[in-house]
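Reviewing the structure listed below.
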Amino acid sequence: MAKVIAVNAGSSSLKFKLFDMPAEKVICSGLAEKIGHEDAIFSIKPAGKDKNETICAIKDHAVAVDMLLEALIEYDIVKSLDEIKGVGHRVVQGGEEFSHSEEITDKLERVIEELTPLAPLHNPANLVGYRAFKKALPKVKHVAVFDTAFHATMEPQDFMYPVPYEYYEKYKVRRYGFHGTSHLYLSQQGKVYLKDGQSRIITCHIGSGASLCAIKNGKCVATSMGLTPLPGVMMGTRTGDIDPSVITYMSKQTGKTCEDIYNELNKKSGVLGISGVSNDTRDVEKGALEGNERCKLAVQLFARRVADYIGQYYVRLGGCDLIVFSAGIGENSAYFRKEIIDQVSEALGVKLDTNSNNNTIRGKEGYISTFDSKIPVVVIPTDEEIVIARDTCSILKIK
Ligand code: AMP
């Protein structure tokens with residue numbers, strides 16, 4: 001059996017999972033947080049054992065990777081680093097170039113770098129993670145798994161924006177979509193709930209970032225995020241779809257730069273902006289139940305926007321055979337799921353089973369709709385890491 005690491009590097013974090021492949025067995029998982037700080041946190045959890053956490057200075061991603069590799073030996077997770085046969089990296093923006101995962105070569109590294117203007121926060125962080133692993137494991141091959149790749153099957157009518165054509169031709173302005181690795185996983189996992197001849201799925205990845213995807217015959221036909229992860233449904237701190245005129249209007253009204261306003265639309269809006277309480281839906285749910293009007297509005301607005309996309313995708317797919325909920329909110333909040341489904345139940349004949357909805361939380365998978373619901377609704381905990389590990393094995397021909 002070969003060991004493969006799935007990596008998700010952010011600007012100040014590094015998430016990892018080590019798998020035994022092809023058995024797809026998780027050997028350990030962990031996270032380095034607050035990289036670049038004196039009080040960074042490194043945690044590693046061997047499967048079936050307690051988590052070990054260290055708080056210390058972690059200068060950069062290279063130090064985090066060294067800590068991980070040392071921990072693998074120290075906790076006897078691997079006998080030798082030679083057991084690691086491949087590393088798969090989440091790369092957020094693959095542009096139009098990539099419809100599949102690819103082995104990272106010097107050329108590919110340059111292309112990922114060149115795509116930075118389209119994902120200024122993410123691609124550089126993903127590359128920093130890759131370079132740190134490459135330095136620490138120079139003999140091992142690496143694979144890039146693009147968040148955008150699953151959406152490459154969209155038709156122009158679904159991915160083009162009606163802007164001057166040169167925006168697209170010269171500047172690559174179009175809808176790319178994100179969370180593709182998660183939507184792919186959910187569509188594959190969702191197949192077991194489909195009857196013969198059925199193939200139309202609406203996947204709702206709703207966590208602190210949120211996007212929906214319309215999937216037919218295993219292929220993405222539409223998705224709610226766009227050029228960046230800002231549009232689509234409302235999120236923890238992002239607006240989702242709004243009139244872009246808000247930017248210039250607010251800039252003129254307040255004297256703030258367009259960049260400042262844009263940052264507020266990304267970081268101070270969504271659930272946080274409306275509730276004024278938190279970007280975490282747990283706090284907002286509590287606030288709503290206690291009668292806080294802005295928390296109530298945040299929940300209703302969130303639900304309405306997700307429901308609007310479900311309706312749109314129902315039409316886009318010519319019907320729907322399965323609705324899937326996933327990610328932090330989709331997997332854990334019976335409250336939010338009910339608010340969303342309540343908005344589509346009359347038109348689509350979808351009925352929630354209260355008991356299953358309340359009990360299908362914290363990593364559980366299964367139906368939350370009644371037997372007579374016109375469209376079955378299921379919760380599937382997402383697993384982007386397993387897709388990264390699978391792609392890494394298939395591309396590097398690891399057996
Ligand atoms: P993710 O980005 O998928 O990790 O989702 C994280 C978000 O999920 C958190 O910020 C919360 O808003 C939300 N979340 C997690 N657990 C719950 C819960 N039990 N109830 C409501 N929201 C939750």
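When a residue number appears, it is its place in the shown sequence, counting from 1. In each ligand, atom 1 is the first atom listed, and ligand 1 is the first ligand listed.
- At a heavy-atom distance under 4.0 Å, no atom of Glu331 approaches ligand 1.
- Listed by atom number, the atoms of ligand 1 under 4.0 Å from Ile329 heavy atoms are 8 (O), 13 (C).
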Side-chain atoms of residues 203-220: list all donor-acceptor pairs with protein atoms under 3.5 Å, sequence neighbours left out, distances to 0.1 Å.
residue: Thr203; atom: OG1; partner: His183; partner atom: ND1; Å: 2.8
residue: Thr203; atom: OG1; partner: Cys213; partner atom: O; Å: 3.4
residue: His205; atom: ND1; partner: Ser182; partner atom: OG; Å: 2.8
residue: Ser211; atom: OG; partner: His179; partner atom: ND1; Å: 2.8
residue: Ser211; atom: OG; partner: His183; partner atom: NE2; Å: 2.8
residue: Lys216; atom: NZ; partner: Leu317; partner atom: O; Å: 3.4
residue: Asn217; atom: OD1; partner: Ser199; partner atom: OG; Å: 3.0

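- Under the 4.0 angstrom criterion, atom 8 (O) of ligand 1 counts as having a protein heavy-atom contact.
- Looking at heavy atoms from C-beta onward, Tyr161 lies in side-chain contact with Leu227 at the 4.5 angstrom threshold.
- Relative ring orientation between Tyr168 and Phe159 is described as tilted, the plane-to-plane angle lying within the 30° to 60° band.
- Atom numbering of ligand 1 starts at 1 in the shown order; those under 4.0 Å from a heavy atom of Ser208 are 1 (P), 2 (O), 5 (O), 6 (C), 7 (C).
- Between the choices Met235, Arg337, Arg282, His205, the shortest heavy-atom distance to atom 17 (C) of ligand 1 belongs to Arg282.
- Taking atom 23 (C) of ligand 1 as the reference point, the nearest protein heavy-atom neighbour is Thr281 OG1, 3.6 Å.
- Remark: the backbone N or O of Gln93 is paired with a side-chain donor or acceptor of Asn123 at under 3.5 angstrom.
- For ligand 1, the polar-atom distance check finds no N/O of Gly207 at less than 3.5 Å from any of the ligand's N/O atoms.
- Within ligand 1, the atoms closer than 4.0 Å to a non-hydrogen atom of Glu285 are 20 (N), 21 (C), numbered from 1 in the order shown.
- Atom 3 (O) of ligand 1 has as its closest protein heavy atom Gly328 N, 2.8 Å.
- When each of Asp383, Val378, Ile380 is checked for a side chain to side chain contact (heavy atoms under 4.5 Å, CB included) with Gln189, only Ile380 meets the rule.
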